[in-house]
Amino acid sequence: MCFTSFFLSLRRSYDDYVGRRNSWGSSVLDIGSLPLQLEDLTRERIKALSKQALQELSVLLAEMDRGIGQAREQLTAALDDLYGDAARAQLLDAGKDTGTTHLTDGDLAITVEIKKSVSWDQEELAAIAQRIASNGDDPAEYIDVKYSVSERKFAAWPETLRRPFEAARTLKPAKPAFRLALVGEGK
């Protein structure tokens, strides 16, 4: 099977692909009479692809990610329109702003989780920590403090200032990110 034609067919049939499932719940791509499962795209099979097919797969997956992300955002917004007010009212009736609640709409059971999103005013916490310390107590018993140094600032420091900090600094490479383009095509 030619992977290049597979990816081109996949790109053309993307709208048909989204949401199509076989009887086992796996994503299925119909390429002519040959059904192909995304789960069949193993590391070894991907490594065997031509350079053009690798680039096409990279572009296709990025497009699918964007499309799925946008669809998920729209689904969440629609579900909030349909059930959000009822869920928030149910939580408020229980004396809560956040938490998990359960709703039903006909034969559809809906579980709604409204998570906490907490932020702290850093300047106010620093002032509180100073007051705790000035009273003879240990602020660490009440406040979690995480020290960090901006990598940009660290790199700009003179060597004499950087040296004492180097023992506290650990650099771990993140996972690589790849962008593929065929030579001669636009960037």
- request: Just do the side-chain contact (heavy atoms from CB on, under 4.5 Å) check on Arg152 and Phe154 with the steps written out, would you?
  value: CA-CA 5 Å; Arg152 184 175 298 158; Phe154 179 78; over 6 Å; no
- request: Go through Gln130 and Ile128 one step at a time and tell me if the side-chain contact (heavy atoms from CB on, under 4.5 Å) criterion holds.
  value: CA-CA 5 Å; Gln130 260 185 338; Ile128 293 169; over 6 Å; no
- prompt: After noting the C-alpha distance and the side-chain angles of Glu56 and Gln52, does the key distance pass the side-chain hydrogen bond (donor to acceptor under 3.5 Å, both in side chains) rule?
  reply: CA-CA 6 Å; Glu56 289 173 1; Gln52 183 176 352; 2.9 Å; yes
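For Glu166, the side chain to side chain donor-acceptor pair (under 3.5 Å) test picks out no residue, with sequence neighbours left out.
Taking NZ from Lys115 and CD from Glu113, the interatomic distance works out to 5.0 Å, rounded to the nearest 0.5 Å. Atom CG of residue Leu61 and atom CG of residue Leu41 lie 8.0 Å apart, to the nearest 0.5 angstrom. Note that the CD atom of Gln70 and the CD1 atom of Ile68 stand 11.0 Å from one another [nearest 0.5 Å]. Atom CG of Leu49 is separated from atom NZ of Lys47 by 11.5 Å, given to the nearest 0.5 angstrom. Within the model, atoms OG of Ser58 and CD1 of Ile46 stand 10.5 Å from one another, a figure rounded to the nearest 0.5 Å. Distance check, rounded to the nearest 0.5 Å: CG of Leu82 to CG of Asp105 gives 7.5 Å.
The existence of a salt bridge linking Asp80 and Arg88 is confirmed by a sub-4.0 Å separation between a basic side-chain nitrogen and an acidic carboxylate oxygen.
Two residues are said to be in side-chain contact when any heavy atoms from C-beta on lie closer than 4.5 Å; Leu108 and Tyr83 meet this criterion. Taking the side chain as every heavy atom from C-beta outward, Gln122 and Trp120 approach each other to under 4.5 Å. Taking the side chain as every heavy atom from C-beta outward, Leu103 and Gln90 approach each other to under 4.5 Å. Within the 4.5 Å cutoff, the side chain of Thr111 has heavy atoms near those of the Thr100 side chain.
Minimum interatomic distance between Phe165 and Leu161 (heavy atoms only, all atoms of both residues): CD1-O, 3.2 Å. Thr160 and Pro164 make their closest contact through O-CD, 3.4 Å (heavy atoms, listed as atom of the first residue, atom of the second, distance). Counting all heavy atoms, side chain and backbone alike, Ala87 lies closest to Val112 at CB-CG1, 3.6 Å. Nearest heavy atom pair, residue Asp97 against residue Leu91, reads O-CD1, 4.2 Å. Of all heavy-atom pairs between Leu171 and Arg169, the closest is CD1-NH2, 3.5 Å.
More than 12 heavy atoms of other shown residues, nucleotides or ligands fall within 6.0 angstrom of atom CG in Asp81. Surrounding CZ of Arg72 are at most 12 heavy atoms belonging to other residues, nucleotides or ligands under 6.0 Å away.
In the hydrophobic cluster analysis, where Ile, Leu, Val, Met, Phe, Trp and Tyr join through side-chain heavy atoms closer than 4.5 angstrom, Ile114 is grouped together with Leu75. Both Ile132 and Tyr147 are members of a single hydrophobic cluster when ILVMFWY side chains are connected at heavy-atom separations under 4.5 Å.
Glu151 contributes no side-chain N or O that, together with a main-chain N or O of Val149, makes up a donor-acceptor pair within less than 3.5 Å. In this structure a side-chain-to-backbone donor-acceptor pair under 3.5 Å is missing from Asp137 to Ala133.
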